[in-house]
Amino acid sequence: MQKDLEAMIAAMTPDVYQRLATAVETGKWADGVALTSEQKENCLQLVMLWQSRHNHDAQHMSIGRDGQIVTKSKQQLKEEFGIISDVTRITLQ
């Protein structure tokens, strides 16, 4: 079983990964058909396994290459989005 799963993950293309991730996020396949609870569970596991092996630049709340959930600080997210932190804010009264 483990060998088959590893082969499946190794054969997954980024396109297949993205389709599975979108299906998990929306709860339905690209054609609009809803995922069953079993399909959603299986797809989520495949997405997490794929991320753990291919996620070189892990996004916030995704699975990193070490298999751990990646969480980023508010400052890290601001830097990624190009938000300058030393902005002076003026409050009008």
Checklist line | Where Leu44 and Val24 come nearest, the two heavy atoms and their spacing | finding: N-CG2, 3.6 Å

Next item on the list: Kindly compute the distance separating OG1 (Thr22) from NZ (Lys28), expressed to the nearest 0.5 Å.
Entry: 11.5 Å

Notebook entry, point to check: Do NZ/NE/NH1/NH2 and the carboxylate oxygens of Arg53 and Glu6 come within less than 4.0 Å?
Noted result: yes

Notebook entry, point to check: What are the two closest heavy atoms between Tyr17 and Val47, and how far apart are they?
Noted result: CE1-CG1, 3.6 Å

Check: For the atom pair CG (Leu5) and CG (Leu49), what is the distance rounded to the nearest 0.5 Å?
Finding: 5.5 Å

Next item on the list: Kindly indicate whether the side chain of Leu20, heavy atoms from C-beta on, has any atom under 4.5 Å from the side chain of Met12.
Entry: yes

Please table the atom pairs, donor to acceptor, closer than 3.5 Å between any side-chain atom in residues 29-38 and protein atoms at least two apart or in another chain.
unit_1 : atom_1 : unit_2 : atom_2 : d
Asp31  : OD1    : Val33  : N      : 3.1
Thr36  : OG1    : Gln39  : N      : 3.0

Next item on the list: Please list, chain by chain and in numerical order, all residues satisfying salt bridge (charged side-chain N to carboxylate O under 4.0 Å, His left out) with Asp15, sequence neighbours excluded.
Entry: Arg19

Next item on the list: Hey, could you give me the CH2/CD distance between Trp50 and Gln18, rounded to the nearest 0.5 Å?
Entry: 8.5 Å

